[in-house]
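Read through the structure below, which is laid out as structure tokens, and then see the notes.
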Amino acid sequence: MSGRVLVLNAGSSSLKYQCIALDGQARRLAVGSVERIGEDSGRVTHQAGDAEPVVEERVVDDHDGAFDNVIEALHGTGLDEGLDGIGHRVVHGGERYSEPTLIDEHVLAGIRELAPLAPLHNPANALGIEIALEVFDGVPQVAVFDTAFHRTMPAAAYRYAVPEAWYTRHGVRRYGAHGTSHAFVASAAAKHLGRELAELRLVTLHLGNGASAAAIAGGRCVDTSMGLTPLEGLVMGTRSGDLDPSVVFHVQRQAGLSPEQVERALNRESGLKGLCDENDVRQIERRAAGGDEDAELALSVFCHRIRKYVGAYAAVLGGLDALVFTAGIGEHSPVVRERVCEGLGFLGLAVDPGANDAKAGGARTISLAGSPAAVLVVPTDEELEIARQTLACVQT
Ligand code: ADP
């Protein structure tokens, strides 16, 4: 086996891919994407190894067309041959899929059946799989579910206190998301600390445009902030996160909004954007530093919510060995990291300002030497995790 895996992430209007060789070390052989599928102006990007990326503005009518572009790009460097496996990112695995799963017709049907739980994602993921099964006939293909890592949560964490039939008949429970990222950074954090994952109590914070927290005991997720859908939990770029459910009925009655309008507003017009009309944290930090009160409020609501979850999850875990920051904001914003950790000295967390401000790559410690709990910055790599899980699945 060459250990070569193609990782595919098919969304409703994009197809992203990475070809990764897992031959002792991980080598990125190609990275690319097809964006704005089905729109008047599309973009195709391909980068082979360390070469300069090639970007072409090109209209791509549909997902079949997107795959044609990917194959063409990979063919140029012979990477469409000799694949040991293809790993598909699948957003929702429901209660059925708790492991990376070798795809056949039944699994594909199962992913489609879970569409009510992820209407924006699972149908697109399934379409990508369907085309890939034809195009890469004979290459084993694996579904890696974003919910799978959270399947170890106990019922106390995943059940909502609602009528039981909502759970049994309609699947209403906490599933979580970003599982691949939480799993990756938890392992990388243990490696960085030189300790066994099995002995660690971790809180991992995936802070990107979407944001979630996970409580991880001995490598197993015991609670996470996203719920039935990615709307629950932390304040996000455009999602509200936690909310009194009555807000939904209140604005329907008082503002005359339909359920669809409320759903859209809570997913697309809320979060940081709702508070300060912007969801790029770089800009929000600039504005706040210049005295803009809305931007300052957005940052403080964002950080307050995260801090609350860190405290709650430390309680769930019965203590904390390390707090891990990852994704766009977690990896790049010293301001957010400092503000989240402010006042958390009672949990043993103390940020070293110099280390926090340093611009370094890779996993690193930003807590003061000797503090009881470590604070880490760990770059996430979901594609690498999908590639690893895919290879492990096809090798068993
Ligand atoms: P996605 O969820 O879309 O994958 P990312 O993980 O790329 O998101 O994170 C996007 C967020 O990261 C944006 O809010 C962006 O402003 C923020 N971000 C990126 N770089 C920085 C930085 N240097 N300082 C603060 N925030 C940053």
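What you are looking at is a predicted structure, and each value in this text was computed from that prediction instead of being measured. When a ligand or atom number is given, it counts from 1 through the structure's own listing order. If you read the sequence from its start, that first residue is 1, and numbering goes on from there.
When hydrogens are left out, the protein atom nearest atom 2 (O) of ligand 1 is N209 N, 3.0 Å; that is the closest non-hydrogen contact. Shortest contact from atom 16 (O) of ligand 1 to any protein heavy atom: D280 OD1, 2.5 Å. Protein heavy atom in closest approach to atom 11 (C) of ligand 1: I329 CG1, 3.6 Å. Nearest protein heavy-atom neighbour of atom 27 (C) of ligand 1: R282 CG, 3.7 Å. Of the protein's non-hydrogen atoms, the one nearest atom 9 (O) of ligand 1 is G328 CA, 3.3 Å.
The aromatic rings of H46 and Y17 lie parallel to each other, their planes meeting at an angle below 30°, with 60° marking the opposite boundary. In this pair, Y309 and Y313 present their aromatic rings perpendicular. The plane angle is above 60°, beyond the 30 to 60° band.
Salt bridge present: R287 and E278 bring a charged side-chain N and a carboxylate O closer than 4.0 Å. Contact check on R96 versus E113 returns a salt bridge, with a Lys/Arg side-chain nitrogen under 4.0 Å from an Asp/Glu carboxylate oxygen. A salt bridge links E296 and R339; the closest N-O separation between the charged side-chain nitrogens and carboxylate oxygens is under 4.0 Å.
Here salt bridge (Lys or Arg N to Asp or Glu O under 4.0 Å) pairs that include residues 210-228, with residues two or more places apart or in two chains, are R174-D223.
Only the backbone of N279 comes within contact range of ligand 1, with a heavy atom under 4.0 Å; no side-chain atom does.
Distance alone, capped at 3.5 Å, places no donor-acceptor pair between the D242 side chain and the E232 backbone.
Under the 4.5 Å side-chain contact rule for hydrophobic residues, V203 and V316 share a cluster.
When each atom of ligand 1 is checked for a heavy atom of S333 under 4.0 Å away, the hits are 25 (C). Near A327, with a cut-off below 4.0 Å to any heavy atom, the atoms of ligand 1 are 6 (O).
Ligand 1 lies within reach of G210, whose nearest heavy atom is under 4.0 Å from it.
Distance screen at 4.0 Å: atom 4 (O) of ligand 1 has no protein heavy-atom neighbour inside the cut-off.
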With a cut-off of 3.5 Å and sequence neighbours excluded, list every side-chain donor-acceptor pair involving residues 388-396.
from, atom 1, to, atom 2, distance (Å)
Q389, NE2, E385, OE2, 2.8
T390, OG1, I386, O, 2.7
T396, OG1, C393, O, 2.9

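Among E331, H332, E285, the residue whose heavy atom lies closest to atom 21 (C) of ligand 1 is H332.
Of the polar atoms of L207, none of the N or O atoms is found under 3.5 Å from an N or O of ligand 1, judged by distance alone. Not a single N or O atom of G208, backbone or side chain, sits closer than 3.5 Å to an N or O atom of ligand 1.
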